[in-house]
Amino acid sequence: MKKARPKGFTALELIVTMAIMAILLTTGIPAFKNYSWNLRMKTAMDVLQTDLNLARGRAVSHNIQTIICPATDANDCSGQSAWQQGWIVFSDLNGDRHKQKGETLLKHAGRVDLLNISSSSSRHNLRFYPNGSAPGSNASIVFCDRRGAAEAGKITLSNSGRIRMQRNGINPTENCP
C-alpha cells in the first residue's frame, strides 16, 4: 500500500516564494513605470511628427499652403503654444492661418495626457508652402513629462521644411519643467 503524499506547501516554501516575488516586484515596477513613460513620450512624438509630414506632403502634392497648429477642437487654432490639448492640420486656401468653412480639415489629433507639449509663443502655427518649406524661424516643439529635461524630447522644424526628432533628453534651459 502506498503512502499518500501530503498536498500543499510548507511554510518555508511559501515564505521563500513570497520573498522571491517581493524582490521581482520591487525591481520590476519602477522599470515598468519608466517603460510606460518612455512609450507615452515616443507615441506622442511619433504622432505629431507624422502629422507634420502629412501637412508638408499635402502642401507639396496639392500645391496649397497647409497649416498645423494647436487646437482644442476641430474648428480653429487655439492661438496658444501648448500642443497637449490637441492640434489640427488643414489646407489654408486664403492664407490667413485660421481654419474657415470650406477649408479641408486633414486631421484633428486629440488631447495628450500627462505630457507638456509646447512650442515657442511666436511659432504656434506651423505653415508649409507648396514647395515644402516652412517659412519663419526654425521651430521647436518640446515634449516634457514629470521626469524633466533629462528624459524630454523635441521635434525641430527648419525653414527648409526638414522635420527632425530628438529623444532621451534636451538642454535643461529649453522650457521643460
Side-chain angles (χ1 to χ4, degrees), residues 33 35-149 151-170 174-177:
K33 280 184 179 179
Y35 171 76
S36 176
W37 281 104
N38 287 341
L39 186 61
R40 181 177 288 115
M41 177 83 66
K42 180 185 180 323
T43 301
M45 291 181 73
D46 286 344
V47 168
L48 185 55
Q49 182 181 28
T50 300
D51 291 346
L52 284 164
N53 283 319
L54 168 70
R56 185 172 192 251
R58 178 69 178 213
V60 171
S61 66
H62 288 80
N63 197 33
I64 190 162
Q65 185 172 289
T66 307
I67 304 289
I68 181 169
C69 61
T72 55
D73 57 36
N75 296 326
D76 196 10
C77 300
S78 67
Q80 303 294 318
S81 59
W83 293 70
Q84 65 267 14
Q85 300 300 323
W87 55 87
I88 58 173
V89 180
F90 65 95
S91 298
D92 191 18
L93 300 175
N94 60 5
D96 69 349
R97 298 185 205 162
H98 292 282
K99 186 176 177 320
Q100 312 291 326
K101 289 188 179 196
E103 293 179 332
T104 306
L105 178 68
L106 304 172
K107 172 93 184 263
H108 175 229
R111 178 179 172 81
V112 178
D113 291 326
L114 303 174
L115 287 178
N116 180 22
I117 307 170
S118 61
S119 61
S120 64
S121 59
S122 63
R123 289 299 309 265
H124 48 270
N125 290 353
L126 303 178
R127 174 176 42 164
F128 289 97
Y129 282 158
N131 66 1
S133 66
S137 60
N138 290 343
S140 293
I141 302 171
V142 178
F143 293 72
C144 296
D145 58 25
R146 65 186 181 106
R147 300 175 296 172
E151 298 294 329
K154 177 170 67 170
I155 294 177
T156 305
L157 174 63
S158 70
N159 291 342
S160 65
R162 180 174 180 236
I163 301 162
R164 198 180 50 195
M165 188 183 314
Q166 175 186 342
R167 288 195 186 114
N168 302 324
I170 61 170
E174 292 190 65
N175 195 21
C176 189

Exercise for the section: Grab the two heavy atoms, one from Pro70 and one from Ala82, that are nearest each other, plus how far apart they are. Expected result: CB-O, 3.3 Å
Problem - Rounded distance (nearest 0.5 Å) linking atom CG of Asp92 with atom NE2 of His98 - result: 9.0 Å
Practice task
Mind checking the CZ-CG spacing from Arg146 to Asn116? Nearest 0.5 Å is all I need.
Solution key: 14.5 Å
Fill in the blank from the handout: So the disulfide (SG to SG under 2.5 Å) pairs with at least one residue in residues 66-110 (sequence neighbours excluded) are Cys69-Cys77
Problem - Distance in Å, Ile117 CD1 paired with Met41 CE, rounded so as to fall on 0.5 Å steps - result: 8.5 Å
Handout entry: Interatomic distance, Arg97 atom CZ to Phe90 atom CZ [nearest 0.5 angstrom]
Key = 10.0 Å
Exercise for the section: Using a 4.5 Å cut-off on heavy atoms from C-beta on, say whether the side chain of Lys99 contacts that of Asn75. Expected result: no
Handout entry: Residue pair Arg127 / Pro135, side-chain heavy-atom distance below 4.5 Å
Key = yes
Handout entry: Candidate pair Ile141 and Leu126, rule side chain to side chain contact (heavy atoms under 4.5 Å, CB included), full reasoning
Key = CA-CA 11 Å; Ile141 302 171; Leu126 303 178; 3.8 Å; yes
Practice task
Rounded to the nearest 0.5 Å, what's the gap from CZ on Arg162 to OG1 on Thr156? Could you check?
Solution key: 9.0 Å
Exercise for the section: Answer with yes or no whether the side chains of Arg147 and Asn38 bring together a donor and an acceptor at under 3.5 Å. Expected result: yes
Fill in the blank from the handout: Here the pair of heavy atoms bringing Ala134 nearest to Ser158 is CB-O, 3.7 Å
Exercise for the section: For the residue pair Ile64 and Thr104, establish whether any side-chain heavy-atom pair is separated by less than 4.5 Å. Expected result: no
Practice task
Begin with the C-alpha distance, continue with both residues' side-chain angles, and end with the deciding distance and a verdict on side chain to side chain contact (heavy atoms under 4.5 Å, CB included) for Ile67 and Val89.
Solution key: CA-CA 6 Å; Ile67 304 289; Val89 180; over 6 Å; no
Handout entry: Electrostatic pair Asp46-Arg167, nearest N-O below 4.0 angstrom
Key = yes
Practice task
Answer whether the closest heavy-atom distance between the side chains of Leu115 and Arg40 falls below 4.5 Å.
Solution key: yes
Completion exercise
Rounding to 0.5 Å, atoms CE (Met165) and NZ (Lys154) come to a distance of 13.0 Å
Exercise for the section: Report the residues that fulfil side chain to side chain donor-acceptor pair (under 3.5 Å) with Asn63, sequence neighbours left out, ordered by chain and then residue number. Expected result: none
Practice task
Check whether any side-chain heavy atom of Leu48 sits under 4.5 Å from a side-chain heavy atom of Ile68, and report yes or no.
Solution key: yes
Only distances under 3.5 Å count here; give the side-chain donor-acceptor pairs of residues 51-60 to other protein atoms, sequence neighbours excluded, each with its distance to 0.1 Å.
residue: Asp51; atom: OD1; partner: Lys107; partner atom: NZ; Å: 3.0
residue: Asp51; atom: OD2; partner: Trp87; partner atom: NE1; Å: 2.7
residue: Asp51; atom: OD2; partner: Lys107; partner atom: NZ; Å: 3.3
residue: Asn53; atom: ND2; partner: Gln49; partner atom: O; Å: 3.2
residue: Arg56; atom: NE; partner: Gly132; partner atom: O; Å: 2.8
residue: Arg56; atom: NE; partner: Gly161; partner atom: O; Å: 3.3

Practice task
Please confirm whether the backbone N or O of Thr72 pairs with a side-chain atom of Ser78, one donor and one acceptor, at under 3.5 Å?
Solution key: no
